[in-house]
Amino acid sequence: MDNGSRIPASGSRQVAEVQAPARPPQHEKYPWPEKSRLLGTRVSRIDGPMKVSGRAKYSYDIVRPGMLYGRILRSPHAHARLKSIDASAAEKAPGVKALLITIKPGEKVMFPGEEIGALAAATEQQAADALRMIKVEWEVLPALANVEQAMRPEAPQVFTPANTRRGTAQEDGDLAAGFKSAAFTVEGTYSTQVQTHTSLETHGCVCEWNGDNLTAWVSTQAVHGTREGFAQGLKIPQANVRVITEFMGGGFGSKFGPDMQGLLCARLAKAANAPVKLMLDRKEEHLATGNRPSAFAKVKAGVSADGKLTAFDATTWGTGGAGAGSDYPLPYIYVFPNRRRMHTDVYINSGQQRAMRAPGHPQGCFVTEVLMDELADQVRMDPMEFRLKNLPPLAPNAMWAKYFPMGAERINWKSRHVTGDPTPGPIKRGLGCSANRWGGAGTGARAHCEIASDGSVVMRCGTQDIGTGNRTIMAMVVAETLGLEVPQITIELGDSHHPFAPGSGGSTTAAAVMPAMRVTAGKARDALFERIAPQLGVAATEINIGVGEVHVVSPSTPDSSASGQTASRSGQAPILRRVAWRDACKMLGTVPVSVDGQWERGLSAGGTSGVQFAEVEVDIETGITKVKKIVCVQDCGLVVDLKTAETQCHGGIISGVNYGVFEERILDRNTANMVNPNMEWYHMAGQSDIPEIDVVLVDTPERGVIGIGEPPAVATAAAVANAIRNATGVTLRNIPITPDKLLTELERAGGTN
Amino acid sequence: MKTFSYVNATNEKEAVAALSPSTRDGHGDALAAARSGHQPSKVPIAGGMDLLGLMKDYIVSPDRVVSIKGLDQTIASGDGGLRIGAAVKIADLAEHAAARKMYPALVTAAEGVGTPQIRNMGTVGGNIMQRPRCWYFRNEEFNCLKKGGSRCFAVDGENQFHAIFGDGPCHIVHPSSLAVPVIAYGGRFRVAGPNGAREIDAGEFFQMPNANLYGENVLQPNEIVTHVILPAPGQRSASYEVRFKQSHDWPLAAASVNLVMSGSTVKSARIVMGAVAPIPWRVQAAERMLAGKTITEGVATDVANAAVAGARPMTGNQYKIQIARTAVKRAVLAAGRA
């Protein structure tokens, strides 16, 4: 980064893909039950009624006594040096209680929306009005609005040491031999756009100081990580910081710390000696809170006459904005025995990228999967058969060869015509397919469980529910383990005062937290049995969990292990006496069961696979694509809640349709200012644009729990692109597939009328 | 948004008085200022669907907002047509039995506006008076021609949703969906102002940027549209809109067709395109081509080709010609089937 720039040279710390053994050995003491009562059933979100009735309080909804409203002052320019700044009028404006300027004359801004100051006022309106009274003078500098501009040899050097950063070549096999054995080759340049996270709840927080202690209600994917971020950013002990996120309206990888707005909010609250709410607006979200980098790939690939991939050679580039990377996995999934790839990061004057729902994978998937269809056409093979011929061998984390035929059945792949719908009329129908993979392992979550004498069960864990249903599946595991029903379990989460759990990124949450739930609830159950055994007049090993009751069982149970109460034993031994749950708990007296537990090996794994199929209708007279149906075949190990797992797939697929057809951050090529920082021209599917979604969740309980937040978002855009190609006969190597691109290609092919 | 005062006008007179410059302002100065790129300091509000966004984005910052939502909200029959109060909600228009029977092109357009929430709040007058959606006009960072700046950023910028007709210097497309069929039906606007009421042919109401850069029509800041007056429609009429998204989006192009028939032969036609020019774009050459014809796929295609013949696309919106062509063709065919 050049002299005077104030932003770090690489992207913020990110949670990415986490791998683990695909099939772990079973946990000895608290394995998942062989026959589940609740796990794998459809349970509605326990917080659903609160959310739809507005009783759930998000960070946005927090109101504190005497609370002020903060707004951030941002750069209107893509690249500029500060000449002067005068905030004296704003400081005296009605209602203004605190004002911070974080830029000095001579310093530079590197993207539109970069934070340069903030203020807090008694009302939102006063804050917005006062912000406009700050007089800022800039020396506007040459800016780079897109990768083409940045990569021109004559481009002004905006970034130091250069506008581009070339990676090292990755090479495997013998590329020349690979191309020599190819009967056909395909060459093309593929590209994907910049997509912003567009979480419905924007970034932001409410900060309140009590002496040296800060309480922050933050819209975050990581309450503990955000506590650490506040402590580091404000140079105060972590012990002085409490972060609360009871409900959260989406982050998709963009919310792992306090960010600049959180630190500014805390500083404003300190300066004003009053709580401050600082939530960003939609425009700020688009400009400054992360995005999925663009990806470009100039590819040459070869295939043998009998349909085996032989070679893959790619030069790739992309932009993650001002000084941030843009790499992505390529080629994706399929086996190219000989391959080479060289990636270059290109920097432009736009907001930096952050992890976004399966970082890198949708890009790599799109490039590879469209190429696969083109190669299949070269060898005149059905695209699915062609894929089956070039997949890695079947493994627990590589099940595509099994899933493709399952999906084909559901989408009626037999009805697929070869490339180009021969049906007369403007509406062309097409089918396409693609595959995805992801890690989704997790570790490290801790929890605390209490069982009180009235039978209440409280489970506390410093994880967060970012809208995925975490709260619900936690309650399901605890209820399953204690023989109770979901409403009997109180889950407390989203508070850094609770035992540590990692941030919710990389689809790691379920795999990190569910084992902690199982182990901690299991330990609580054991502790309960130890406590009540004397009153029941039996050994703890002779007590078991029933449904809503505990059982005293025959001591001669054959599979008694050293510690006794394994879940699998439940119900097998002859029951000598039944004691209702409440009556059993009453024996605890005033001292509740209170135990700590944590993630342990043997209850979770990593590595998911899935396939998706798309059916589209394209109106070739208008270039409008209607995605009719998506079939999703996806695994995630042990399915905890079938319903929330399916809705994770729904959300991922909708975001994939958006990526393939609608969403695009559009920067004005002359100023690098975003022209569509809203939800009007930043197109996202509405109700009528969302296809029928058919999810087949493959339950593989023997693998343990694996995350599912990201995998279903990966393959949709590629499947849609391939279906459009199948419908229209024209190849679009660039998403989103908008009417202008489609009509231009159709016209080139002579086919609009 | 800037702090403002609020006046609730209960009749036209009050509304016009509240929108007129006070004697202290110096009569006429405010009007002159509005013509030179300064936004009027007093503006009417009905549903607020457009105005509130403009104010929140500091595109307009009035001192006074005058509510006219209490003005005539009825739809009445007369002279073989309908007289629609400007304060009628778009949703109510779309559901009005007589409107549905007589003016299918208008009802189709009304049903396509925004979202149910916008149709429930937004008014007929507001739809006609709304400001352009051009992203350079709507983003504060761009001091564009229409806001008194020195250049249209769309010319060598991002113009995929801009005009394919008109010579500039501003390249907006007019955002009103309802104005397109209103012109096709030969409608008029009743306008109330300081000198009483007058009626203006809807086809004469909108102005190109070279005639009025800072506004989009002939209204003075202290005039309001009170009614849309529609004459008896032709025997057949239809609208067709092409939208990128099916939920909540603006048309990429739209067309309304109104046909006076003699048996199965078209006696005369009106064809108006929307979202292609700074004003609703009537294409008389295409209308003449339709006269005396029976509607077939071939005729519709020829008419559609004629409708877009004069298009002059910008650097990134050539594709809109094909979309406009399709909209006209399908509107003609739909009217033929109606």
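Here is how names work: the chains are called A, B, and so on, in the same order as the sequence lines, proteins then strands, and each is numbered from 1.
Considering every non-hydrogen atom in both L252(B) and P739(A), the closest pair reads CD1-CG, 4.0 Å. The heavy-atom pair separating E158(B) from I666(A) by the smallest distance is CG-CG2, 3.9 Å. Residues N139(B) and M674(A) approach most closely at ND2-O, 3.9 Å, considering heavy atoms. For the pair S247(B) and S688(A), the tightest heavy-atom approach, listed with the atom from each and the gap, is OG-N, 2.7 Å.
Comment: D619(A) engages R330(B) in a salt bridge, judged by a side-chain N to carboxylate O separation of less than 4.0 angstrom. Taking a cutoff of 4.0 Å between a charged side-chain nitrogen and a carboxylate oxygen, K283(A) and E140(B) do not qualify as a salt bridge.
T326(B) contributes no side-chain N or O that, together with a main-chain N or O of T622(A), makes up a donor-acceptor pair within less than 3.5 Å.
Environment of CZ in R152(A): crowded, with over 12 heavy atoms of neighbouring residues, nucleotides or ligands closer than 6.0 Å.
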Practice item. Go through the steps to decide whether F153(B) and V675(A) satisfy the test side chain to side chain contact (heavy atoms under 4.5 Å, CB included), and finish with yes or no. Key: CA-CA 11 Å; F153(B) 291 84; V675(A) 293; over 6 Å; no

Review point. Yes or no on side chain to side chain contact (heavy atoms under 4.5 Å, CB included) for N670(A) and R151(B), after CA distance, side-chain angles and deciding distance?
Key: CA-CA 12 Å; N670(A) 298 308; R151(B) 60 184 276 229; 4.0 Å; yes

Exercise for review: Output, in order, the C-alpha distance, side-chain angles, deciding distance and verdict of side chain to side chain contact (heavy atoms under 4.5 Å, CB included) for T671(A) and F142(B).
Suggested key: CA-CA 9 Å; T671(A) 64; F142(B) 300 98; 3.4 Å; yes

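In this structure, chain A has no heavy atom under 4.5 Å from any part of K320(B). Both the backbone and the side chain of D129(A) come within contact range of chain B, judged by heavy atoms closer than 4.5 Å. Within the 4.5 angstrom heavy-atom criterion, no atom of N317(B) approaches chain A.
If you run side chain to side chain contact (heavy atoms under 4.5 Å, CB included) between Q322(B) and each of L743(A), D740(A), I620(A), only L743(A) comes through.
Contact count against chain A (heavy-atom pairs under 4.5 Å) is highest for G157(B) among G157(B), A154(B), G316(B). Heavy-atom pairs under 4.5 Å with chain A peak, among R243(B), K2(B), R133(B), at R133(B). No other option in Q125(A), R132(A), E124(A) has as many heavy-atom pairs under 4.5 Å with chain B as R132(A). If you tally non-hydrogen atom pairs under 4.5 Å between each of D668(A), L667(A), N678(A), T744(A) and chain B, the highest count goes to D668(A). Chain A forms more heavy-atom pairs under 4.5 Å with one residue of Y319(B), F244(B), W250(B) than with any other, namely F244(B).
Going from atom CD of E747(A) over to atom CD1 of I321(B) covers 8.5 Å, rounded to the nearest 0.5 Å. Interatomic distance, Q160(B) CD to K741(A) NZ, rounded to the nearest 0.5 Å: 9.5 Å. Interatomic distance, R325(B) CZ to E621(A) CD, rounded to the nearest 0.5 Å: 10.0 Å.
For the 3.5 Å distance criterion, the side chains of N673(A) and Y136(B) fail to qualify, holding no donor opposite an acceptor. Using a 3.5 Å distance cut-off with no hydrogens or angles, the side chains of W135(B) and E680(A) do not pair a donor with an acceptor.
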